[in-house]
Asks: 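First, the structure itself, so that you have it in front of you.
Counting from 1, the numbers follow the sequence of the chain as shown. Counting convention: from 1, in listed order, for ligands and their atoms alike.
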Amino acid sequence: MEIISKRHQELATSLQQQLQALAETEFGGFDIVRETAWAIPDWCFLGMLDGELACCYSLVLRQARFDGQPVLIAGLNNLITVPAFRGRGLASQLLVKTEQDWFGRLAGQCALLLCADGLLSYYSSLGWQQVESELWFDQPDGKRLWQANCMLLTADRTVLTPAKIDLCGFPW
Ligand SMILES: CC(C)(COP(=O)(O)OP(=O)(O)OC[C@H]1O[C@@H](n2cnc3c(N)ncnc32)[C@H](O)[C@@H]1OP(=O)(O)O)[C@@H](O)C(=O)NCCC(=O)NCCS
């Protein structure tokens, strides 16, 4: 699989539309998705097979706060494998092979994702840790408390257990 990383704003319009359509199909049916203001990603990571998009995810780089201390977060969202390519290990490969970017050239201190119950074991199998932190994020009308799951990953697999996380902006 060829892996491409691109700044979100530099994606060709057709690709941006393809990613948007995939996300709409997978997540557009959830109330929380429709009713929340989301961050615009900084980066997109694409897994290509024979020139065709097979899987992708977006990444937000954000100075967040763990118990009041600034932490540069690599925030992952919208991990999607195009249905025809599912179950072949492509999403896992994309995550594992691009992890070095989050903690290397992008200088993230910690990766963070918000996910549904069903995906906890998938991400756990890739080393992510579920945390019980109180997680706050911004919305146009003020701060809100996240009610679902949050998972963290560090480069050296140190387990972080902040009591309070503030995303300091819209969630992803
Ligand atoms: C989750 C997803 C990205 C996995 O892509 P993939 O390329 O098939 O992933 P892999 O082949 O690397 O791993 C497959 C594993 O995904 C997990 N998985 C996929 N969908 C799942 C779901 N709805 N619930 C629980 N686990 C799921 C399973 O553990 C599966 O393992 P198995 O093959 O042993 O059953 C893909 O199913 C998808 O696009 N789903 C819809 C969007 C989504 O829910 N994204 C996650 C956002 S947090």
Side-chain angles (χ1 to χ4, degrees), residues 1-6 8 11 14-62 64 73-103 106 108 110-137 139 144-154 157 159-160 165 167 169-172:
M1 183 169 65
E2 184 196 2
I3 295 177
I4 299 172
S5 70
K6 278 218 176 264
H8 184 261
L11 282 180
S14 57
L15 197 49
Q16 252 184 47
Q17 287 168 346
Q18 191 182 359
L19 298 185
Q20 233 167 31
L22 281 171
E24 176 59 31
T25 303
E26 296 300 339
F27 310 117
F30 297 104
D31 289 347
I32 187 171
V33 173
R34 285 196 307 272
E35 291 161 7
T36 305
W38 299 96
I40 296 172
D42 297 297
W43 291 88
C44 287
F45 290 79
L46 312 170
M48 312 292 293
L49 281 180
D50 298 327
E52 205 179 327
L53 180 71
C55 54
C56 56
Y57 70 86
S58 304
L59 188 140
V60 174
L61 268 183
R62 173 80 57 74
I73 299 283
L76 275 67
N77 83 340
N78 286 3
L79 175 70
I80 298 174
T81 296
V82 172
F85 294 111
R86 285 183 190 167
R88 292 164 53 175
L90 296 181
S92 310
Q93 208 185 109
L94 180 64
L95 291 178
V96 168
K97 288 196 172 162
T98 54
E99 180 189 321
Q100 62 206 15
D101 288 17
W102 318 336
F103 303 123
L106 299 178
C110 181
L112 184 152
L113 60 82
L114 307 173
C115 77
D117 292 350
L119 270 301
L120 287 170
S121 59
Y122 172 67
Y123 288 112
S124 295
S125 72
L126 296 172
W128 291 75
Q129 301 279 339
Q130 184 183 8
V131 288
E132 300 302 330
S133 320
E134 187 180 286
L135 185 139
W136 292 88
F137 59 95
Q139 285 295 277
R144 299 233 190 115
L145 190 58
W146 180 251
Q147 301 292 350
N149 306 298
C150 170
M151 301 191 86
L152 300 179
L153 186 77
T154 52
R157 302 303 189 254
V159 177
L160 302 179
I165 296 174
L167 295 184
F170 288 169
W172 49 81

Asks: Identify, for atom 5 (O) of ligand 1, the protein heavy atom at the shortest distance, and state residue, atom and that distance.
Replies: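 Of every protein heavy atom, Thr81 OG1, 3.0 Å lies nearest to atom 5 (O) of ligand 1.
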Asks: Of all the atoms in ligand 1, which lie at a distance below 4.0 Å from a heavy atom belonging to Leu79?
Replies: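 Reading through ligand 1 atom by atom, the close ones are 3 (C), 42 (C), 43 (C), 45 (N), 46 (C), 47 (C).
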Asks: With side chains defined as the heavy atoms from C-beta onward, is the minimum distance between Leu49 and Arg88 less than 4.5 Å?
Replies: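 In short, these two side chains touch, coming nearer than 4.5 Å.
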Asks: Just verifying a value: how many Å separate Gln18 CD and Glu52 CD, rounded to the nearest 0.5 Å?
Replies: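 Gln18 CD to Glu52 CD: 8.5 Å, rounded to 0.5 Å.
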Asks: Which atoms of ligand 1 have any heavy atom of Gly118 under 4.0 Å away?
Replies: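 In order of number, 24 (N), 25 (C), 26 (N).
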Asks: Is atom 20 (N) of ligand 1 in close reach of the protein, with a heavy atom under 4.0 Å away?
Replies: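 Given the 4.0 Å limit, the answer for atom 20 (N) of ligand 1 is no, no protein heavy atom qualifies.
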Asks: Is the ring pair Trp102/Trp128 parallel, tilted or perpendicular, if the boundaries are 30 and 60 degrees?
Replies: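 Because their plane-to-plane angle lies in the 30° to 60° range, the rings of Trp102 and Trp128 count as tilted.
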Asks: Would you check if Asn77 and Leu114 make a side-chain contact, meaning some heavy-atom pair closer than 4.5 Å?
Replies: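 Of all side-chain heavy-atom pairs linking Leu114 with Asn77, none is under 4.5 Å.
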Asks: Evaluate the side-chain proximity of Tyr123 to Leu79: yes if any heavy-atom separation is below 4.5 Å, no if none is.
Replies: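 They are in contact (side-chain heavy atoms under 4.5 Å apart), so the answer is yes.
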Asks: Flag the pair Tyr57 / Pro41 as yes when at least one side-chain heavy-atom distance between them is below 4.5 Å, and no otherwise.
Replies: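 Result no, sub-4.5 Å side-chain heavy-atom pair not found.
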Asks: Do Phe45 and Cys56 have side chains that approach each other closer than 4.5 Å (heavy atoms only, starting at C-beta)?
Replies: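 No, too far: nothing below the 4.5 Å cut-off.
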Asks: Would atom 32 (P) of ligand 1 count as contacted, meaning some protein heavy atom under 4.0 Å?
Replies: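 When distances to the protein are checked, atom 32 (P) of ligand 1 has no heavy atom within 4.0 Å.
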Asks: State the atoms of ligand 1, each with its element, that fall below the 4.0 Å cut-off from a heavy-atom position in Ser92.
Replies: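 Within the 4.0 Å cut-off of Ser92, ligand 1 contributes 10 (P), 12 (O), 13 (O).
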Asks: When you compare the side chain of Trp136 with that of Leu145, does any pair of heavy atoms fall below 4.5 Å?
Replies: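 Yes, close enough: below the 4.5 Å cut-off.
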Asks: Answer side chain, backbone, both or neither: which part of Arg88 comes under 4.0 Å from ligand 1, heavy atoms only.
Replies: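 Looking at Arg88 and ligand 1, just backbone atoms fall under 4.0 Å.
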Asks: With rounding to the nearest 0.5 angstrom, report the CG to SG distance, Leu19 to Cys44.
Replies: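 It is 5.5 Å, given to the nearest 0.5 Å.
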Asks: Of the protein's non-hydrogen atoms, which lies at the shortest distance from atom 8 (O) of ligand 1, and what is that distance?
Replies: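 So the nearest neighbour among protein heavy atoms is Gly87 N, 2.7 Å.
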Asks: Between Arg62 (side chain only) and Leu167 (backbone N and O only), is there a donor and an acceptor less than 3.5 Å apart?
Replies: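 Yes, the answer is positive, given that a donor and an acceptor are paired below the 3.5 Å cut-off.
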Asks: Ligand 1 versus Tyr57, non-hydrogen atoms closer than 4.0 Å: side chain, backbone, both, neither?
Replies: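 For Tyr57, no heavy atom sits under 4.0 Å from ligand 1.
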Asks: Please write down residue, atom name and distance for the protein heavy atom closest to atom 17 (C) of ligand 1.
Replies: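 Minimum-distance protein heavy atom for atom 17 (C) of ligand 1 reads Tyr122 CD1, 3.7 Å.
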Asks: Roughly how far, to the nearest 0.5 Å, is the SG atom of Cys150 from the CD atom of Glu134?
Replies: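 Between atom CD of Glu134 and atom SG of Cys150 there are 12.0 Å.
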Asks: Would a 4.5 Å heavy-atom cut-off, applied to side chains only, mark Ile80 and Thr25 as touching?
Replies: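 No; the side chains remain at least 4.5 Å from each other.
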Asks: Indicate yes or no: at least one non-hydrogen side-chain atom of Trp146 is less than 4.5 angstrom from one of Ile32.
Replies: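 Heavy-atom side-chain distance check passes, below 4.5 Å.
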Asks: Polar-atom distance check: Phe85 versus ligand 1, any N or O pair below 3.5 Å?
Replies: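 For ligand 1, there is no N or O atom that lies under 3.5 Å from one belonging to Phe85.
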Asks: Does the protein put a heavy atom under 4.0 Å from atom 39 (O) of ligand 1?
Replies: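 Protein heavy atoms within 4.0 Å of atom 39 (O) of ligand 1 - there is at least one.
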Asks: Do Arg86 and ligand 1 have an N or O pair less than 3.5 Å apart?
Replies: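 Yes.
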Asks: Specify side chain, backbone, both or neither for Glu26, according to which of its non-hydrogen atoms lie closer than 4.0 Å to ligand 1.
Replies: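 The side chain, only.
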Asks: Counting from 1, what ligand 1 atoms have a heavy atom of Ile80 closer than 4.0 Å?
Replies: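 This gives 39 (O) as the contact atoms.
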Asks: Do protein heavy atoms approach atom 43 (C) of ligand 1 to less than 4.0 Å?
Replies: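 Yes, there is one.
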Asks: Could you tell me the residue and atom name of the protein heavy atom closest to atom 48 (S) of ligand 1, and the distance to it rounded to 0.1 Å?
Replies: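 So the nearest neighbour among protein heavy atoms is Tyr123 OH, 3.3 Å.
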Asks: Among protein heavy atoms, which sits nearest to atom 1 (C) of ligand 1, and what does the distance come to when rounded to 0.1 Å?
Replies: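 For atom 1 (C) of ligand 1, the nearest protein heavy atom comes out as Leu119 CD1, 3.9 Å.
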Asks: Answer yes or no: does an N/O atom from Ala91 fall short of 3.5 Å to an N/O atom of ligand 1?
Replies: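 Looking only at distances, the answer is yes, because the N/O contact criterion of under 3.5 Å is met.
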Asks: Might you check, step by step, whether the distance between atom 24 (N) of ligand 1 and some protein heavy atom is under 4.0 Å?
Replies: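 Yes, there is one.
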Asks: Give a yes/no verdict on whether any heavy atom in Gly89 is under 4.0 Å from an atom of ligand 1.
Replies: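 Right, Gly89 reaches ligand 1.
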